[in-house]
Amino acid sequence: MLPSLRVRSFKISPKMKYIFITGGVVSSLGKGLTSGALGALLETRKLKVRIQKFDPYLNVDPGTMSPFQHGEVYVLDDGAETDLDLGHYERFTHAHLSRFNNLTSGQIYEHVLQKERRGDYLGKTVQVIPHVTNEIKNRMYEAGGDADVLITEIGGTVGDIEGLPFLEALRQFSLEVGKENVLFIHVTLLPYLKAAGELKTKPSQQSVAKLREIGIQPDILVCRTEQPMTESMRQKLSMFCNVEQRAVVEELDVKHSIYELPLNLSEEGMDELVVQKLGIQCAESDMGEWREIVRKLVYPAGGQCKIAVVGKYIDLQDAYKSIYESLAHAGVGNDCSVKIVRVDSEMIESDGAEKHLGGVDGILIPGGFGDRGIEGKIAAAKYARENGIPYFGICLGMQIAVIEYARNVLGLSDANSGEFAPDTPHPVIHIMDDQREIVDKGATMRLGSYECALVDGSKARAAYGKPAVRERHRHRYEFNNEYRSALENAGLKVAGINPKRDLVEIVEVEKHPWMLGVQFHPEFQSKPARPHPLFCAFVEQALKLANAKRTK
């Protein structure tokens, strides 16, 4: 169900400050990372920060979008399927986000049309202004809650026709709450022309000019660049973009990790600039925790392990974004380097597992849908089990481990999932009962946070250090309990269940150093300062294997 977007009167908090982050020149500039890093900086000053994303596309949410189009779908506790930038927000800050923190044009127009059909507009002509812009402003009033600062990222690029209602809403909103309570940050690109040997400022000038035509004057200009800016460039951008010279901020490409960004922006004085311009009285910044995180990422003290991520979207940078970040977090947790080897499961089908997995210290199979590359993933799970290599299966990766075990240990050679082989005589993975009659694809899976009770003596219980946890889910298929006794008797231990529905959430191979599969998505709750316990335990076991190889 979509969140309510009823337009009503709001009492504006006298202390609430609003930061709007727009982007120009090209897409994929890193507005989400900039938003998250700024949120992290403000949190070091003891401010309570909340971040949200406005996406101009007409999809209701990203839940039905292809990874080729959009990257991963990031799931929140309340079951909202959201833009992957919300993952950056949660990883960089302590903010607890909900469906109210991601708004799309699809949601807006759906609500507007529903209200028009009900007669809520009392026969008025329904227009972009004021009806659509009112819905957008309504979300800004609602999303802030008790935060000191609400950061709102506007997706897309200034000049895109679908983004115009959002920018118009921001212009109106700044007048309503008072310009002294609003800060506009524009992220832009300084392209480097190799033939000329210099950075060019003209695209940024044109981008800001377009923004000013709409009625928005940026207060801070964040310049993405591969090469350091010169002082004369700051002066030029300041003059032509009508921005203070000190507010022209260099955002140089990071050398090693995205988690260097808060440190880099701190050195540029961005947080001091923000609190001064908004008149916020707060503590001084303390970057000690971020320095230690980056130290462990760049100069780890505990050696290196090599983890193979086996999937079918390996060539897509953002398809498994949270997986890659969680492995980096686990490296921080173990003070070691995690080298990720991306393995296309279809290549395993054609070449065999040894060619692509020989020499790795851990194998991870992430979530996914569809039957492409499935047999390669099953071969990878078999390789991990037979060679004692630490294995971590997530969602589909857990189901793969169950299928492999049923085939090659229990002896059910044609065991499979009902998703891939509807006519299999042994559906050890089958569709959930409440999913059988569902036709619509969007927001209909088992989504959001559910309890998992952990079994005493299990590796999962040892990793978490507590008897029960809550984890985020996104799936339609589950472990078939009709095969539970047979699989457990054969050595596949059920280590975690959902107590309300008796759903199997975690399985472990007993006669294996560390082979574990989970039906949920632990990568959605991992942070650099608080790595997820299962990722930490997995990397710890992979590191042990790597160290054992080195000492032979």
Side-chain angles (χ1 to χ4, degrees), residues 256-257 296-317 319-321 323-368 373-394 396-398 400-401 403-405 407-409 459 463 508-509 511-518 523 531-532 534-552:
H256 305 284
S257 166
K296 289 181 178 179
L297 284 166
V298 180
Y299 303 109
Q304 182 186 83
C305 62
K306 189 186 299 184
I307 303 292
V309 176
V310 181
K312 63 179 181 180
Y313 301 118
I314 292 302
D315 293 333
L316 303 179
Q317 177 67 26
Y320 304 121
K321 185 65 176 177
I323 294 288
Y324 298 144
E325 295 305 316
S326 297
L327 287 170
H329 305 163
V332 172
N334 287 279
D335 202 359
C336 72
S337 172
V338 177
K339 181 180 179 180
I340 296 173
V341 180
R342 303 182 185 193
V343 179
D344 188 330
S345 57
E346 289 185 285
M347 298 304 294
I348 294 178
E349 291 177 351
S350 60
D351 301 332
E354 176 65 35
K355 179 175 179 179
H356 297 281
L357 300 176
V360 303
D361 307 308
I363 297 171
L364 186 150
I365 297 182
I374 287 299
E375 292 302 323
K377 295 177 183 180
I378 293 172
K382 181 181 180 183
Y383 186 84
R385 180 179 57 79
E386 292 182 343
N387 291 279
I389 300 171
Y391 174 94
F392 193 12
I394 294 175
L396 174 61
M398 183 201 94
I400 291 295
I403 294 169
E404 189 281 324
Y405 204 88
R407 286 183 184 181
N408 299 311
V409 178
K459 294 179 176 66
E508 299 176 0
V509 175
K511 294 181 180 179
H512 191 281
W514 205 91
M515 189 168 187
L516 187 147
V518 298
E523 71 270 25
H532 193 281
L534 292 182
F535 275 92
C536 274
F538 171 57
V539 168
E540 180 184 15
Q541 292 300 317
L543 187 62
K544 283 183 180 179
L545 179 58
N547 290 336
K549 291 177 184 176
R550 282 190 285 268
T551 57
K552 282 185 178 180

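Since the model is a prediction, treat every value here as computed from it, not as a measurement. Positions are given from 1, in the same order as the sequence printed here.
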Under the ring-ring contact (aromatic ring centres under 6.0 Å, His included) definition, can you give me all pairs with a residue in residues 326-349, not counting sequence neighbours?
Tyr259-His329

Ignoring hydrogens, what is the shortest heavy-atom contact between Pro390 and Ala542? Give both atom names and the distance.
CG-N, 3.9 Å

What's the separation between atom NZ in Lys355 and atom OG in Ser350, rounded to the nearest 0.5 Å?
7.5 Å

Between Glu540 and Lys459, is a salt bridge (Lys or Arg N to Asp or Glu O under 4.0 Å) present by the stated rule, with each step listed?
CA-CA 12 Å; Glu540 180 184 15; Lys459 294 179 176 66; over 6 Å; no

About how many Å separate CE of Met398 and OH of Tyr391, when rounded to the nearest 0.5 Å?
10.0 Å

Does the pair Val343 and Ile314 meet the rule for a side chain to side chain contact (heavy atoms under 4.5 Å, CB included), with working shown?
CA-CA 7 Å; Val343 179; Ile314 292 302; 5.7 Å; no

Applying side-chain contact (heavy atoms from CB on, under 4.5 Å) between Phe538 and each of Leu516, Val338, Leu327, Leu543, report the one that passes.
Leu327

Contact summary for Ala537 and Ala463, nearest pair of heavy atoms
CB-CB, 3.9 Å

Which distance, rounded to the nearest 0.5 Å, do you find between the CD1 of Ile365 and the CD1 of Ile394?
10.5 Å

Does the side chain to side chain contact (heavy atoms under 4.5 Å, CB included) test come out yes or no for Ile323 and Ile340, once each step is laid out?
CA-CA 10 Å; Ile323 294 288; Ile340 296 173; over 6 Å; no

For Lys306 and Gly359, the nearest pair of non-hydrogen atoms, with its separation, is CD-O, 4.3 Å

Can you name the residues that form a side-chain contact (heavy atoms from CB on, under 4.5 Å) with Val509, not counting sequence neighbours?
Tyr405, Leu492, His512, Met515

What are the two closest non-hydrogen atoms of Ala380 and Ile348, and how far apart are they?
CB-CD1, 4.1 Å

Quick check on Lys549: does its NZ atom have over 12 non-hydrogen neighbours (other residues, nucleotides or ligands) under 6.0 Å away?
yes

Nearest heavy-atom contact between Ala381 and Ala401 is CB-CA, 4.5 Å

Counting distance only, does the side-chain N/O of Glu349 pair as donor-acceptor with the main-chain N or O of Gly376 below 3.5 Å?
yes

Working note: Cys305 + Leu545, criterion side chain to side chain contact (heavy atoms under 4.5 Å, CB included); need CA distance, chi angles, decisive distance, verdict.
CA-CA 8 Å; Cys305 62; Leu545 179 58; over 6 Å; no

Measure up the Phe392 and Phe535 rings against each other and bin them: parallel (under 30°), tilted (30 to 60°), perpendicular (over 60°).
perpendicular

Working to the nearest 0.5 angstrom, can you tell me the gap between Glu346 CD and Lys377 NZ?
9.5 Å

Check whether Asn387 reaches the backbone of Ile389 with its side chain - one donor and one acceptor, N or O, closer than 3.5 Å.
no

Any chance you could lay out the side chain to side chain contact (heavy atoms under 4.5 Å, CB included) test for Arg385 and Asn408, step after step, and finish with the verdict?
CA-CA 10 Å; Arg385 180 179 57 79; Asn408 299 311; 3.5 Å; yes

Looking only at non-hydrogen atoms, find the nearest pair between Tyr383 and Gly358 and report the distance.
OH-CA, 3.4 Å

Hits for ring-ring contact (aromatic ring centres under 6.0 Å, His included) against Tyr324, two or more places apart or cross-chain, chain-then-number order -> none

If we check salt bridge (charged side-chain N to carboxylate O under 4.0 Å, His left out) with Glu375, which of these qualifies: Arg407, Lys382, Lys312?
Arg407

Does any part of the side chain of His356, heavy atoms only, come nearer than 4.5 Å to the side chain of Asp351, both counted from C-beta?
yes

